[in-house]
Every structure is written in structure tokens, then in C-alpha cells.
Amino acid sequence: MDAGEASELQARLAAAVHALNHDANPSVRLAANQWLLALQGSPQGWAVATGLLAAPDPPPPADLLFFAAQMLRRKIQSPGPALPGAGLAPQLLDALLLAARRFCAAPAPRQLLTQICLALSALALRAEGGVDGLFARMPHLPAPAVLELLTVLPEEAAQDQAGDTGVDAATRCRFTRELLAHAPAVLEFLHSQSEKVPADDDGVPLHERNRRILRCLLSWVRVGCFSETPATTLATHPLLTFSFNSLQVPFSFDVAIEVMTELVSQQKELPEAFLIKMPYIREVLLLPALANRTEKIIAGLACLMCEVGQAAPALVAEGGSQALALADALLRCVAFTSEDWEIADSTLQFWCSLAHFILGTDVNTAKRNASQELFLPVFSSLLDALLFRAQIDTDEHGTDGAPCIPDELAQFRMNLEELLVDICLLLGTPAYINKLFSRGWEFSSQSVPWKEVEVRMYALSMVADTILQDESPFDFSMIMRFVNILSSRTPVELNGSLFMVYKSFGDVIGSYSKWLSSSQSNIKPLLLFCASGISKSVSSNACSLALRKLCEDASSFIHEPQNLEVLFWISEGMDKGNLRLEDEEEIVSAITHALSSVHDKELRKSSLARLLCSSYSAVEKIIDIDRDNSLRQNPATYTQSLDLAVRGLYRMSALFGHLSTQTTSGLVDDDIILVLLGIVWPLLEKLFRSSHMENVSLSAAVCRSLSSAIHSCGQHFDVLLHKVLECLSTNFLRFQRHDCFLRTSANVIEEFGHKEEFGALFVRTFETLSSASSILTLNSSYTCDQEPDLVEAYTYFTSMFIRCCPKEAIVASSSLLELSFQKAAICSTAMHRGAALAAMSYISCFLEVALAAVLESPECIPNGSPGVARIQILARCGEGLLSNVLYALLGVSALSRVSII
């Protein structure tokens, strides 16, 4: 490339860089970027970039020079034979060194020097003898350039290979060894730079030079420059002293902290030297920072002190004056109040490691007891500080308007669990509990400091397993006094952060329900409390779980009339529809469990029917809309009615789901099941025959409720089976995208398939479902990808059919099974994972059943048997099956499932 071409190319480059950085038109910026990328990948890029960096004064604009240096770095780092030949590599090195010398000081921007040094580092990594050659030329560079180059060189050794391709691990190891061979000279250079006085001004302010020295030292520490230095020598090294003194300079504080933290983590014996400095750090650095609320200083010192403590827990556990100074300093950091919880959170791992060491079995008993006694006041004070920082002092609200706590505080509380357990073990359960309840609160409902109470209930719930295992006596009278106050609150008073109090008390009641419910007088107040807490979303989950635990653990008292009335009051409150479905199901399961323990059979029957009827009315209202079509004219009212009906059906499902366990245990007899079935089935049948089944949520809820009822009632559904399957198949033909009808039909066959008298009914159902146009169109992988839920439901139904149905039904439906088998082979090639795996599961099920038939009669399988029918299907479909399965495993679509296969 001659001088004219080079000049023209540089002009185009300058225009493209200017357009990329300054043009307002996105299409112009895109075109400029594409042209620059093309130039970067071309052979001419080397000459253009080096020519710009070597251009005579006045130099080109800074952004153009920056791009040139960046382009050289990227070309050097690009994989493959990107370097311009072995003969030109030294020329490139000289050009970059000249550029570093030229642009190491103002007015050149600092970022330009950094890019040049990054290019030099990349070249040294890849060129033979690059490190030694670079160090040989460094004496000719000004100190600022040397300092920047020495800073980025070690970073190249540690750089992630994913971000710098073309360099293998062996090359990086070689590069690191070559670097460390020059470490003594580098450390000597840094020491000489650190001793410079302002009079030695090289154009860089003293505070900026010191920060650059620390940055450079940090890079070399990370690469292991002190790995061979004894800890005793390192403790008195002038650069370590320089770093420690830099803690008093705000401008360099953060880098100095990083240097010392890195050293402590690398050198096992160095923490002892730092521990000696803890009184100084606390008095001279930390206490003024706390007084001035300088969070940057506090956070940095906390990080360093935690690193020292975690590196030497044995030294800290000895409890010397330096160790106690460290503990006191970190206690102050925990108690420091700020807008976030990052400082307190950063100390948790240290406290856990210290507690684990003291409690550890690797320490002899006498020494452990001495350490534990020495640190009891420390951990007692730590508990106070943690409780103070974990308090909810804000009244934040989520997007739904419900009160909530800040995300950072929620995360801090989650991280506290392990440490609270350790503190409980160290203090002992009685002392821990006494610490939580030693505030001497007044029990006037107007004067209770609820924020304090809430955080202490939270701390009590976090250590529930530890306290329950310890089995120490526990006086719950104070908790019950709070419960009585909270349960007497009127709905108007229940607002704001008070519901966080309900949540924490709900967690406590759920955790300690067995102990709390041992006294009969506690049951009703606890139920009333749960009823109050359930009414708001923030506490509904905790209180609904607490209610379930109470109903399970208080079976001796829960069926008292006064308690049952509270439970019915809770169930009727669900009609408002302001709870999550999961919480409603939890509540219904809890109440069902309680009612199942009622001794009087008639009362038990009527009570369960009453519970069911509270959901019945919500479902009945949606059926009434079919009789009065004018109700559909108001979309808001209709949508609300649908939602309440869905909730009612889910509650019915929860009731029958819980009854299924009670039936097997003998707590619920056939009479009760028949009564409940007589209530539910007519309602479900009306729904199945209504126009509302077009709603996906409602149809899924109906099917779920029906499946639970079938599983619970078992043989009592025999007389209804024809109607059930007719409703399911008819609705599937009407609404063929509602796969819930297929799944529920499969559940019916799974439950009753063993009964031969229903074989013909199952065959007719199979025929009806298979005649649906949505099933008939499952003849390509594309269609399967469009309807994955339908594929999964259909293959689930067919799997249940071949596994559970009588022999006569299998033989009679052989043509349908062959069709389903062909469809499964096609669906196995789908890109959608769920659809393909469901199809393969059905194929596997079919092959397994066929193989079992062969193994039962290895010599001769009787004609007309299901085994013969299955084998004939395999014979006719075998070639297509093999082709599709091979494609599913090895074809293009398999790439989407490779992690599973």
C-alpha cells in the first residue's frame, strides 16, 4: 500500500470513527461500524493503525488514536495466524512502545495509554520471548508508561480464556512463569516509585501516582508475586507498609484494601501480622469513619477485618486483646445503620466461621469451653446488633399495593438463618430465648413496639429446629399474650407493616404448633389469630401454613364446637376471593383434617358437607348465568364470577384430595363419601353441560376437582362412570384445545381400567377422543410443535389405556392403538422437548408392555390376545418407528434436546 492509498484509507477511517461516535442517524452509525469491522479484519489494518499512532505532530484526534490502539489489540488477540509474520512482530512491538512513550502524559487521555499497553501485553503473551523482550525495552519508557504496562501485564495472565481466544492454558502458564521471573525487579521499581516526593513531579499528581502504584501492586499480588516470600519477611515489606499507610488516604483507600485483602487470602501466616494492627485500625480508622458515617471506609475495613478473621479463626478464638478488638470493630460495623444492609451482610461469613470453629469437634473440650465462655458476651451483643439491623423500619409497598420489605433486607434476613442457629447453639437455647424476650414490654395494645416484637419472632422462627431438638422448657405465655392482642384487632386496624408482624407470628406458630397446641386454652386464640393473618396477602401464606399445622397437631382439641365455628368462619371468608389459590388449598386441607377428627359421625358428615357447600355456592352462581343470559352482558361481573367459581372448584379439589388420605386410614367412611359425592357430582355435571366450559381456567378447575373426587371416592363412582366419560369426551370434541379433558379421561382409566365390565366404555371413549380433528391433524412434527400440551395429554391417555385396560379392550381398539403409535413416532421428531419426550415415553411404554407379553408366553402367544395385537402393530409400524426415532435422536431436532438425551 503506497502513501496515497494509506492517506486515503486513514481519511476514510477518520470519517467512519467520527460517524460511529457522533452521527445521530442510526443507519449511518451501523454502516460505519460494519466498515470498521471489515477494516479491522483486513491485512491493511496493521499498517493503518500503526501509521496513525506514529503520525507526526499534531497527532490525530484522540478518538481516532484510541480506535487505532484498540484495533491493534483486537487483531493481536484474534484467533488464528493474525500476527503479521515473525519478522514484523518486533516492528509492531517497537511501534507500540514508541506510542506508549509518546502518549503517556497529558494532554493524551489516560484510556489511550491503557489501550496501547493492553496491545503490548497481548503481543508479549503470543510472541516468542515476548515478556523478556518487553522488559528489556522498559527502561527506555517514562515511569507513567512503565507503571501502566506493569499493571495490565499480569491481568493478561489471569484473563478468562473465553474472552481472549487463541491462547491455551500451557501458553498462559509459560507467560505467568516468565512474568514472575521479573517480579523482584517490578517490586523494586514500585518501591522506588512509592518513595518519590512531590518534588520528583513527572506530571502525575502524588495522590494519583500512589493510586496507580497500588493498582499495579494489586495486579502482581493476584498473579502471585509474593508466593515465595516468607510471611515474616512480607509482614515488614516496605510495599505492605505503603499499602497500610494508604488506608489513611481516601483517594487510594479502596485499592489499598484490595491489596491487603488479596494478600491475607493468599498468605496463611500473614493474618497474624494484621491481627496485631487491629487496635490501630479500630481506633484510628474505623471509629472516625463511624462517627463521620463514611460508608466507603467502613465497608472496606469490614471487608479486610473479615478476611483476616476468616483466615485465622484459631487466633481469633484465643481471645487476645487484638482478637477482641477485631470482634468489637466488626460488631460496630454490624450495628452501623445505612440505607442498605451490605456492610452488615459482609460480616456474616466471619461470624459463622468463628462460631463453627468454637463449636467444632476438632478443638479439645477445655479449650472450646474457654473460648465459648470468652465469646458469649460478644455473640450476645452480636444478636442485639443483628436484631436491630433486621428490623423493618420502612413501609414499602409492592406493585399490588401490599406492604413488603425492601429486597436487600429480605436477602439479609435469608442470609441470617445460619448465623442465628450458630448463636443459639453458642448461647444455649434458654439463654437465646431469654435474650429474645427480655425487653420487659408493656402489653397495652397501643404501646407495643411491634417492629421490635416482629424481628424477635422472626429470630425465634429461624432457630425452631434447634430449639425443638433441644427440648428445653419453653414458656409460651408471652407469645400467647401477643397473639391475643393481634387476634382482637379490627379489620380497620389491620394495615401497613403490621401484617409483617402477623407473618412472623404465623411462622412461629407453624414452627412450634405442637408445643403451643398442647394447652386446650390456646387453640381458639391461635385460630382467631390465623383468621386475622390470613386476610392479607403478605401474611396469608404463613398463617395458612400455621393453621394446617395447628389442625394436625391439635387433633385432641380442634374438634371442640367453639374451634369448629372459627374454622367455618375462616372457610366462609375465602368467598371474597382475595387469597392465592395455594393458600386457599392449604386452608381447606387444614379444615378437612380437623373435621375428619370429629368423633360424632353425623356431625362429621354434616360438617364436611357444610365445608363443601361454602364452595358450592360460588360454583352454582356461574351456572345460574346460563339461565339468565343478561348477567353475561357485564364483563366485569362475569369475570369475577368465573374467578370465584374457579376458586370454589380448587377448594373442592383440595377437600377431596385430603379426604383420599383420610379414607385409606379409616377416618372417613363410605357414608360420608356418598353424601359428598351426592353434592359434588350434580354440580360438576351441570358445569360440564354449560357453555362456560369454553373458559380454559374453569375447564381445568372442573377437571382437577373431578380427578380428586374420583381418586377419593373410588368405587362409588362406578355408577357414574358412563356419564363422566361422556361429559369428558363430549367437551373435548367441543373445545379441542383444552387438553385437561384428555388428562382427566386418562385418570379415569388409570383408576377403573382394571374392571372388565367397563372395557367397551373405554373403547368408545378412545374412539370418540381419537375422532377429534385436533388429534387427526397430529401427523407432522410441525403440528406437534404447535400443540405440545395436546401431544403430551394424548400420549398420556394412550399410555394409560395400554397399561390399564382389559385385554378385550386392547384387542378391540388395535386399529386405534396403531394410529396412536404412528402419531407418537411422528411426534418424537418434534423440536418441542416436552412433546417429543412425551411421545418417546409412550413408545417406550408400548414396547415394554409388548415385551412383557412375549416373556409371559415365550413359546406361543395365543391368537386374539393383546400381545399378538401389539406385536402386529409393531410389525406394521416398525420401519416408520425406527426411522422417526433415529431422526429424533440424531437429526436436527435432536440438537434442542441434547442436554436431556
Let me check something: any side-chain donor-acceptor pairs from residues 238-245 under 3.5 Å, sequence neighbours excluded? List them with distances.
| from | atom 1 | to | atom 2 | distance (Å) |
| --- | --- | --- | --- | --- |
| T241 | OG1 | H237 | O | 3.3 |
| S243 | OG | L239 | O | 2.9 |
| N245 | ND2 | T241 | O | 3.2 |

**Item:** Donor-acceptor under 3.5 Å (R102 side chain, L53 main chain)
**Value:** yes
**Fill in**
Rounded to the nearest 0.5 angstrom, the CD-CH2 distance for E262 and W220 is 15.0 Å
**Item:** R737/E787 ion pair, N-O < 4.0 Å
**Value:** yes
**Message:** Closer than 3.5 angstrom, by distance alone: can the side chain of D345 be matched with the main-chain N or O of W341 as a donor-acceptor pair?
**Reply:** no
**Asked** Between atom CH2 of W35 and atom CZ of R12, what is the distance when rounded to the nearest 0.5 Å?
**Response** 5.0 Å
**Asked** With no hydrogens and no angle check, is any side-chain donor or acceptor of Q267 less than 3.5 Å from a backbone partner on F226?
**Response** yes
**Request:** Take Q193 and R209 through the side chain to side chain donor-acceptor pair (under 3.5 Å) test and state the conclusion after the steps.
**Result:** CA-CA 8 Å; Q193 288 293 305; R209 184 201 306 152; 4.7 Å; no
**Prompt:** What pairs with H191 under ring pair (Phe, Tyr, Trp, His ring centres under 6.0 Å), at least two apart in sequence or on another chain?
**Reply:** none
**Asked** Does the pair E148 and T114 meet the rule for a side chain to side chain donor-acceptor pair (under 3.5 Å), with working shown?
**Response** CA-CA 7 Å; E148 187 67 22; T114 301; 2.9 Å; yes
**Request:** Under the side chain to side chain donor-acceptor pair (under 3.5 Å) rule, what do Q411 and D407 come out as? Steps first, then yes or no, please.
**Result:** CA-CA 6 Å; Q411 185 62 50; D407 292 340; over 6 Å; no
**Asked** Step by step, would you call N292 with T294 a side chain to side chain donor-acceptor pair (under 3.5 Å)?
**Response** CA-CA 5 Å; N292 297 324; T294 314; 4.8 Å; no
**Asked** Has the side chain of R73 got a donor or acceptor atom that lies under 3.5 Å from a matching backbone atom of C117?
**Response** no
**Message:** Using a 3.5 Å distance criterion without hydrogens, assess whether the side chain of R389 forms a donor-acceptor pair with backbone atoms of F336.
**Reply:** yes
**Message:** Test of understanding: with ring pair (Phe, Tyr, Trp, His ring centres under 6.0 Å), list the residues that count as partners of F175, not counting sequence neighbours.
**Reply:** none
**Request:** Can you measure from SG (C827) to CG (L837) and round to the nearest 0.5 angstrom?
**Result:** 12.0 Å
**Request:** Over 60° means perpendicular and under 30° means parallel, so classify the ring planes of H182 and F135, tilted if in between.
**Result:** parallel
